[in-house]
Number of protein chains: 2
Amino acid sequence: MDRPLTPKGAATRKRIVEGAAEVLRESSVVDATLDDIRRQTGTSKSQLFHYFPRGKDELLLAVAQYEADRVLDDQQPHLSCLTSWDAWRRWRDVVVERYRAQGDTCPLGALLLQTGRTTPGARAIVVTLMERWQRELAAGMRAMRDAGHLPPDFDPDQASAALLAGIQGGVAIMLSTGRSTHLEAALDTAITQMRAAGDRVTT
Amino acid sequence: MDRPLTPKGAATRKRIVEGAAEVLRESSVVDATLDDIRRQTGTSKSQLFHYFPRGKDELLLAVAQYEADRVLDDQQPHLSCLTSWDAWRRWRDVVVERYRAQGDTCPLGALLLQTGRTTPGARAIVVTLMERWQRELAAGMRAMRDAGHLPPDFDPDQASAALLAGIQGGVAIMLSTGRSTHLEAALDTAITQMRAAGDRVTT
DNA sequence: CCTAAACTGAACCGGACAGTCCATTCCGAG
DNA sequence: CTCGGAATGGACTGTCCGGTTCAGTTTAGG
């Protein structure tokens, strides 16, 4: 991650990453070759290795990081202000829509399987993504609790962990079935459960 | 899937599938070569193509089916008799233990990513697995409802979908983090939620 | 301009690996 | 015993693809 060099070469690097991401989305990771990426990005082999000296794995890792960043960005600004039931509902809709649009490709998952989960780099990307994601959810839950919409004994840590798991599984199932029912069920039951707990406190 | 031929050559086929499954578990799918499988199973190239004429994909698909069958088998007999809170708890423990033991390999997921989700065969395997799994969960919930442990307006279809999603996501997260916290959170909140609903009916 | 360094392009290499081919062995039926 | 087909072994091959090399071109600073 040394970057002493980059006037406009940085733009090229960015173009490579984004182009590679596009290639990896439409074709499976196993099928995608460096030549495909080269063609798509209008670059050549040597550039790929110029910007990613350690080869394909390094490039894939960069793409993985790029995709990971997009995951949370795509949920903004809703994810960061889950302070009302209405906000939760809007966020839910955004998540469902985002993954429904993504269809049956899971760029991140495929990438990480390719580079190998054992690779510390790959592991780190997904771990920090999950941590940040869950932290946002838990923060929203705490806000709701502090505002009195949830009972004081509500456990945001466990609830956010369960919700995150439900989202991941819902997306995974959608990849195979093509239906978003499980993702919606996971989101809806989680929110319904919270509202039920909230009703109990107001009663 | 023509099987007019197999006195005890079928045993060889079985040996190949099981040996291949073993290989695929310890090494990633991308790394595993036919030679690895050949070596592990004590067979030769020609046999692999004799029993799986359509090549590696056909073999991988057979292994995927084998792994898929194991998933539910490993949860028996608990999965099929979720008729008491105690049974639910036991099942929960079995699931957590099973996946914790499996560690950071996901044979099925890796296989399906390799053969491609678009392949009708691969899709079918995972879809039917999910359907059967969810049906078992929903059956357990209905049994609990009929026994009066859950309120009549409890929706087993949605709840089982959400629970299944939570399990899948919990396992997926465990693959990257190595921690089973999310899987446990998903299971525990689902069961806790059911018990809370049940308490409401008895009150 | 000029020159050095950053950048680009394309031909090339070497290894790995799925799949083929044929020779050999095994086994059961007649 | 023997004949035929199934089962097996293993060498061989064609291809694909990550990675290298090097010669050519643009860019920036003086």
Side-chain angles (χ1 to χ4, degrees), chain A residues 1-20 23-24 26-64 110-111 113-116 119 121-122, chain B residues 1-20 23-24 26-64 110-111 113-116 119 121-122:
Chain A
M1 299 293 174
D2 36 350
R3 302 275 183 71
L5 29 123
T6 37
K8 76 165 200 181
T12 305
R13 189 194 142 100
K14 190 182 170 198
R15 194 175 80 238
I16 291 175
V17 171
E18 290 174 359
V23 170
L24 293 171
E26 34 208 46
S27 68
S28 169
V29 184
V30 274
D31 303 331
T33 76
L34 289 185
D35 275 325
D36 292 335
I37 296 171
R38 189 187 54 67
R39 208 174 304 128
Q40 168 80 23
T41 60
T43 56
S44 76
K45 270 285 187 62
S46 63
Q47 301 179 64
L48 264 43
F49 284 87
H50 178 68
Y51 293 109
F52 304 95
R54 290 216 304 264
K56 195 181 189 183
D57 279 353
E58 191 180 353
L59 172 55
L60 290 181
L61 216 58
V63 176
L111 280 166
L113 259 169
Q114 173 79 355
T115 59
T119 311
Chain B
M1 300 295 172
D2 36 348
R3 303 275 184 72
L5 22 127
T6 35
K8 58 195 316 186
T12 304
R13 188 194 143 101
K14 191 183 171 196
R15 195 175 81 237
I16 290 175
V17 171
E18 289 174 0
V23 171
L24 293 170
E26 35 207 47
S27 68
S28 169
V29 183
V30 273
D31 304 329
T33 76
L34 289 185
D35 274 326
D36 291 335
I37 296 171
R38 189 187 55 69
R39 206 174 305 125
Q40 168 79 22
T41 59
T43 56
S44 73
K45 265 296 184 52
S46 62
Q47 299 179 66
L48 264 42
F49 284 87
H50 179 67
Y51 293 109
F52 304 94
R54 289 215 303 264
K56 195 181 190 184
D57 280 353
E58 191 180 354
L59 171 57
L60 290 181
L61 216 57
V63 176
L111 281 165
L113 261 168
Q114 173 79 353
T115 58
T119 312

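Throughout, protein chains are lettered first and strands after them, A, B, ... in sequence-line order, and every chain is numbered starting at 1.
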Which atom names give the shortest non-hydrogen contact between A:Ala20 and A:Ile37, and what distance separates them?
-> CB-CG2, 3.9 Å

Protein-nucleotide distance (B:His50, atom NE2; D:dG10, atom P), rounded to Å = 17 Å

Heavy atoms, side chains only, cut-off 4.5 Å: are A:Leu24 and A:Leu60 in contact?
-> yes

Which of D:dG19, D:dA7, D:dA11 is nearest the side chain of B:Tyr51? It is D:dA7

Rounded to the Å, how far apart are B:Arg38 CZ and D:dG9 P?
-> 9 Å

To the nearest angstrom, the NZ-P distance between B:Lys45 and C:dC21 comes to 14 Å

Reckon A:Thr12 has a side-chain N or O less than 4.0 Å from the OP1 or OP2 of C:dC7?
-> no

What's the CZ-C1' distance between A:Phe52 and D:dT20, to the nearest Å?
-> 18 Å

Of the nucleotides C:dG9, D:dC17, D:dG9, which one has an atom closest to the side chain of A:Thr33?
-> D:dC17

B:Val17 vs B:Tyr51 side-chain heavy atoms within contact, under 4.5 Å | no

Walk me through it: do A:Phe49 and A:Leu34 pass the test side chain to side chain contact (heavy atoms under 4.5 Å, CB included)?
-> CA-CA 10 Å; A:Phe49 284 87; A:Leu34 289 185; 3.8 Å; yes

Nearest-neighbour nucleotide for the B:Lys56 side chain, D:dT8, C:dG19, D:dG18 considered | C:dG19

Could you tell me the separation between the CG atom of A:Asp35 and the C1' atom of D:dT20, rounded to a whole number of Å?
-> 14 Å

Whole-Å distance separating the CG atom of B:Asp31 from the C1' atom of C:dA18 | 16 Å

Could you state the atom-to-atom distance from CG of A:Asp36 to P of D:dG19 in whole Å?
-> 15 Å

What is the distance from CG of A:Asp57 to C1' of D:dG19, rounded to the nearest Å?
-> 12 Å

Residue whose closest nucleotide on DNA chain D lies nearer the 5' end, B:Thr43 versus A:Ser46 | B:Thr43

Of the candidate nucleotides C:dC17, D:dT21, C:dT20, which contains the atom at the shortest distance from the side chain of B:Phe49?
-> C:dT20

B:Gln47 side chain N/O closer than 4.0 Å to the phosphate oxygens (OP1, OP2) of D:dT8?
-> yes

A:Leu34 side chain, from C-beta outward: closest of D:dT8, C:dA18, D:dG18 = D:dG18

Please confirm whether the backbone N or O of B:Gly121 pairs with a side-chain atom of B:Thr119, one donor and one acceptor, at under 3.5 Å?
-> no

